[in-house]
Amino acid sequence: MSKQESSSITGSSTRRYPRQVDCGGAQLEVSPLRTADREALAALVATLPPHDLLFLRRDISHPKVLDAWMRAIDTGELASLVARTEDGTLVGCTAIFSDPLSWSRHVGELRVLASPDWRGRGLGRVLIQECFAQALELELTRLVAQMTTDQRAAIAVFEDLGFKAEALLVGHVIDRQGRPHDLVLLAHDVRAVAARNVLYGMSEALGG
């Protein structure tokens with residue numbers, strides 16, 4: 001699918017950043033993650049319970065992993081957005097990993113981090129919706145996300161936005177105490193949902 005076709009599906013041109021979004025009655029700025037945001041991202045990660053990081057392939061609280069994340073931005077392997085409060089505090093972050101040389105180059109792996117202080121206010125939902133538009137611009141047709149089975153609130157948000165459970169990975173991750181946890185893999189057909197939104201006059205949900 002070309003970028004021109006992606007725009008026709010969403011009914012909009014390329015999404016422009018920074019953009020202001022409403023989150024629980026508060027205004028947040030969403031913009032691309034920059035390498036200069038490294039310390040701000042580290043501060044956000046430090047607020048997250050360790051269990052929340054198990055859905056990531058590597059422990060992002062480790063400085064070397066964070067450095068690798070920053071390098072992936074420069075190489076284009078990773079597309080990432082951040083959400084900031086009016087005082088500039090980083091309270092949310094997304095990442096879409098894709099590999100153009102893979103047989104699954106049409107699939108993006110989605111990760112979403114949200115500050116505990118902002119949960120329950122719709123921040124995760126806002127960030128995921130931003131990623132839908134970003135995925136179309138990246139010419140991806142599917143997004144996949146994974147999380148531990150006990151993260152029921154997060155799973156409910158993803159399912160409410162159209163993700164479907166497709167696999168259960170038993171004992172797939174081990175936490176810092178050596179305890180195994182199951183992961184659920186959820187997937188989303190980006191183009192199908194975008195086309196449906198246009199049909200029902202809801203293209204703004206994915207548009208610019």
Side-chain angles (χ1 to χ4, degrees), residues 23 28 30 32-75 77-85 88-99 102 104 107-128 130-131 142-161 163-188:
C23 185
L28 295 177
V30 176
L33 176 68
R34 306 181 303 263
T35 53
D37 294 321
R38 184 194 183 285
E39 296 309 315
L41 179 57
L44 169 63
V45 171
T47 70
L48 304 176
H51 187 78
D52 287 6
L53 304 179
L54 292 178
F55 72 93
L56 300 170
R57 286 192 175 186
R58 304 172 72 188
D59 185 355
I60 195 176
S61 65
H62 194 291
K64 289 185 177 180
V65 175
L66 200 57
D67 289 340
W69 192 314
M70 296 297 105
R71 288 194 298 271
I73 293 174
D74 291 334
T75 62
E77 179 185 1
L78 178 150
S80 187
L81 299 172
V82 293
R84 307 175 195 276
T85 61
T89 302
L90 198 155
V91 295
C93 180
T94 72
I96 300 176
F97 281 89
S98 59
D99 183 356
S102 166
S104 299
V107 179
E109 296 183 27
L110 174 61
R111 296 94 186 261
V112 178
L113 304 175
S115 167
D117 291 341
W118 280 78
R119 295 177 187 178
R121 302 174 65 176
L123 176 56
R125 178 182 296 271
V126 166
L127 292 176
I128 296 169
E130 291 291 327
C131 288
R142 283 171 62 80
L143 285 176
V144 296
Q146 60 184 29
M147 58 208 72
T148 56
T149 54
D150 58 354
Q151 292 177 304
R152 296 182 181 85
I155 292 172
V157 172
F158 275 87
E159 290 182 331
D160 192 47
L161 289 170
F163 282 79
K164 303 294 184 183
E166 291 196 344
L168 177 65
L169 308 177
V170 178
H172 200 68
V173 294
I174 298 177
D175 63 24
R176 293 171 183 171
Q177 286 71 46
R179 296 172 300 209
H181 296 271
D182 300 343
L183 287 183
V184 59
L185 178 70
L186 301 104
H188 184 285

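Every heavy atom of this structure was used, including side-chain atoms; hydrogens, water molecules and symmetry mates were not.
- With sequence neighbours excluded, the residues satisfying side-chain contact (heavy atoms from CB on, under 4.5 Å) with Arg71 are Asp67, Ala68.
- Judged purely by atom type and a 3.5 angstrom limit, Thr94 uses its side chain to pair as donor or acceptor with the backbone of Leu81.
- Using a 4.5 Å heavy-atom cutoff, the side chains of Val184 and Gln151 are not in contact.
- Minimum heavy-atom separation, Pro180 to Gly171: CB-CA, 4.2 Å.
- In this structure, Ala42 and Leu66 approach most closely via the heavy-atom pair CB-CD2, 3.5 Å.
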Is there a side-chain contact (heavy atoms from CB on, under 4.5 Å) between Leu44 and Ser115? Walk through the geometry before answering. CA-CA 7 Å; Leu44 169 63; Ser115 167; 3.8 Å; yes
Under the criterion side-chain contact (heavy atoms from CB on, under 4.5 Å), I'd like the reasoning laid out for Leu143 against Phe163: C-alpha separation, chi angles, the key distance, then a yes or no. CA-CA 9 Å; Leu143 285 176; Phe163 282 79; 4.2 Å; yes
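- Contact of the Ile155 side chain with the Met147 side chain is registered, since non-hydrogen atoms from C-beta on lie closer than 4.5 Å.
- Going from atom CG of Leu48 over to atom SG of Cys93 covers 10.0 Å, rounded to the nearest 0.5 Å.
- The stretch residues 45-56 participates, sequence neighbours left out, in these side-chain hydrogen bond (donor to acceptor under 3.5 Å, both in side chains) pairs: His51-Thr148, His51-Asp150, Asp52-Arg119.
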Given the rule in the side-chain contact (heavy atoms from CB on, under 4.5 Å) test, do Ile73 and Arg38 qualify, once you have shown the distances and angles that lead to the verdict? CA-CA 11 Å; Ile73 293 174; Arg38 184 194 183 285; over 6 Å; no
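- Rounding to the nearest 0.5 Å gives a distance of 12.0 Å between CG of Leu90 and CD of Glu39.
- The two atoms that bring Leu127 and Ala83 nearest to each other are CD2-CB, 4.1 Å, heavy atoms only.
- Put simply, the side chain of Val82 does not reach to within 4.5 Å of the side chain of Leu41, judged on heavy atoms.
- Of the inter-residue distances, the one linking Ile174 atom CD1 with His181 atom NE2 reads 9.0 Å to the nearest 0.5 angstrom.
- Annotation: salt bridge (charged side-chain N to carboxylate O under 4.0 Å, His left out) contacts involving residues 165-175, sequence neighbours excluded, comprise Arg142-Glu166, Asp175-Arg179.
- Here the side chains of Arg111 and Cys131 are not in contact, with every heavy-atom distance at 4.5 Å or above.
- In this structure the side chain of Val173 never reaches within 4.5 angstrom of the side chain of Gln146, judged on heavy atoms.
- In this structure, the side chains of Leu123 and Leu28 come closer than 4.5 Å at one or more pairs of heavy atoms.
- Residues His188 and Leu110 fail the side-chain proximity criterion, which asks for heavy atoms closer than 4.5 Å.
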Any chance you could lay out the side-chain contact (heavy atoms from CB on, under 4.5 Å) test for Val112 and Ile128, step after step, and finish with the verdict? CA-CA 7 Å; Val112 178; Ile128 296 169; 4.0 Å; yes
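- Minimum heavy-atom separation, Leu113 to Val45: CD1-CG2, 4.4 Å.
- Residues Met70 and Leu33 have side chains in contact (heavy-atom distance under 4.5 Å, counting atoms from C-beta outward).
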